Amino acid sequence: MTAHETVRVDLGPRSYDIVVGDDVLAVAGEMMAPVLRRPRVIVVTDTHVADLHLETLLRSLSHSAIEADPIVLEAGEQTKDISHFGRLMDAILGRGIDRDTALVALGGGVVGDLTGFAAATALRGIDFVQVPTTLLAQVDSSVGGKTGINSPHGKNLIGAFHQPRLVLADSRVLRTLPRREMLAGYAEVVKYGLIGDEAFFGWLEGHGADLVDGDPAKIRHAVVTSCKAKAAIVAADEREAGVRALLNLGHTFGHALEAETGYGNTLLHGEAVAIGTVMAFDLSARLGLCPPDDAARVLRHLAAVGLPTGTSFTDTVLWDPARLMSHMGRDKKVKGGTLTFVLARGIGEAFVSRDVPAEQLAVFMEGAVAS
Ligand code: GLY
């Protein structure tokens with residue numbers, strides 16, 4: 001068995017481990033047993049992931065004498081709405097759970113967010129374990145306890161902070177991930193370098209292309225480094241009263257682009273974050289906060305690995321600054337009517353800003369399409 005690496009998320013009584021490595025899925029039962037209140041779980045997954053990985057997980061759970069009941073949802077972001085959530089809750093409660101039953105989320109961000117929210121609310125809160133199967137979920141959404149569903153008013157507007165008891169990130173499962181999904185997750189990996197670790201960004205400039213191509217050692221290094229960065233931020237600010245907001249780099253612009261394109265296949269979340277990140281650095285440079293060379297370096301790297309960075313994307317959709325600004329105004333990061341941006345003084349030096357002047361933002365948005 002390959003060595004596994006463990007990252008601790010330090011949250012007092014709610015602390016937990018993130019285990020990263022090859023074949024973690026095959027020993028999931030052994031790893032879960034110590035954190036379960038009793039050996040019974042309900043595994044929530046989707047049709048895509050079930051075909052690829054459910055059997056391995058169930059075999060491992062049975063090997064450790066953990067009784068497991070699977071629920072397989074249809075794959076896709078549409079599953080994260082209130083009606084699908086209602087049906088999932090009925091399915092979970094219909095299986096006769098008690099407060100010592102745990103949920104297991106086997107899948108990407110949608111399954112993780114939805115199952116986490118089900119765990120937060122079922123019987124007023126039960127335990128859950130995250131088994132993320134996409135790069136995006138392994139480096140971001142499975143860690144830190146943000147759970148939730150979408151509303152017609154916006155993404156993730158209904159939710160709760162509810163920490164998992166354990167996160168099992170199997171590097172081998174990423175081998176079956178479509179390249180586009182891998183790239184979308186890579187945008188969130190780059191984020192950690194840009195927020196506070198210039199050396200990591202430099203490493204990604206050298207090794208990012210191999211990582212996206214599936215190099216296992218590079219994937220493990222990137223997942224562990226990202227999880228360490230996220231664990232430190234979450235431990236310092238679990239409920240996003242301060243520093244955790246830095247994890248939203250690229251997200252104010254990104255969420256507006258996702259809203260404009262209907263949260264579908266036109267633009268994946270990670271792709272929107274890539275464009276949003278380029279815009280955040282571009283805006284920082286135009287406001288005189290960040291050296292233009294750093295903004296250019298960010299754009300160059302994201303484009304080099306094959307992520308959309310602005311022009312390639314805006315060529316294919318109608319760019320409407322007024323509509324994008326109105327989406328931004330509905331973002332849950334708006335406070336007292338003021339937009340929140342994560343800006344940068346350079347690579348690895350991000351900060352939260354609530355005072356971007358409205359006129360300068362409007363001028364920027366008008367010009368961004370041509371950037
Ligand atoms: N994905 C951002 C956060 O967990 O805070």
Side-chain angles (χ1 to χ4, degrees), residues 7-11 14-16 18 77 80 105 107-117 119-120 128 130 132-150 154-164 166-167 169 181 184-197 222-223 225-259 263 268-277 280 328 331-335 339-344 350-353:
V7 178
R8 185 84 175 153
V9 184
D10 227 330
L11 287 167
R14 281 168 290 105
S15 298
Y16 55 95
I18 307 162
E77 182 82 26
K80 247 181 85 169
V110 169
V111 166
D113 286 4
L114 188 63
T115 308
F117 189 49
F128 83 117
Q130 289 271 21
T133 58
T134 62
L135 180 59
L136 188 134
Q138 292 195 357
V139 299
D140 189 21
S141 61
S142 72
V143 175
K146 279 192 181 174
T147 73
I149 56 173
N150 301 331
K155 228 182 138 173
N156 296 329
L157 291 186
I158 304 165
F161 284 99
H162 188 58
Q163 299 293 342
L166 178 69
V167 180
E181 293 259 354
Y186 184 75
E188 300 278 7
V189 172
V190 171
K191 180 179 83 178
Y192 294 105
L194 297 178
I195 288 173
D197 189 348
V223 172
T225 307
S226 302
C227 286
K228 279 185 183 158
K230 179 141 189 190
I233 289 175
V234 169
D237 176 25
E238 184 181 5
R239 296 177 78 91
E240 203 169 301
V243 73
R244 185 166 180 166
L246 293 176
L247 295 173
N248 297 325
L249 174 65
H251 284 61
T252 300
F253 293 121
H255 281 163
L257 292 166
E258 281 184 277
Y263 303 106
L268 303 179
H269 174 69
E271 295 171 334
V273 167
I275 299 172
T277 300
M328 285 189 225
D331 198 279
K332 65 180 165 344
K333 294 181 286 303
V334 172
K335 264 194 193 168
L339 290 178
T340 307
F341 288 96
V342 180
L343 300 178
F351 66 98
V352 176
S353 167

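For ligands, and for the atoms within them, numbers begin at 1 and follow the listed sequence. In this text the structure is predicted, and so the values were computed from the model without any measurement.
For ligand 1, the atoms closer than 4.0 angstrom to any heavy atom of Asp140 are 1 (N), 2 (C), 4 (O).
A salt bridge between Asp113 and Lys146 is absent, with no side-chain N of the basic residue lying under 4.0 Å from a carboxylate O of the acidic one. Electrostatic pairing of Glu258 and Lys155 counts as a salt bridge here, judged by a charged N lying under 4.0 Å from a carboxylate O.
Between Asn248 and ligand 1, no pair of N/O atoms sits closer than 3.5 Å. Ligand 1 has an N or O atom lying under 3.5 Å from an N or O atom of Lys230, backbone or side chain.
Judged by distance alone, the side chains of His269 and Glu188 do bring a donor and an acceptor atom under 3.5 Å apart.
In this structure, His251 has no heavy atom closer than 4.0 Å to ligand 1.
Among protein heavy atoms, atom 5 (O) of ligand 1 sits closest to Arg244 NE, 2.7 Å.
The distance from atom OG of Ser141 to atom CG of Leu136, rounded to the nearest 0.5 Å, is 5.0 Å.
Ring-plane geometry between His162 and Phe128 is classed as parallel, the angle between the planes falling under 30 degrees on a 0 to 90 degree scale with a further cut at 60.
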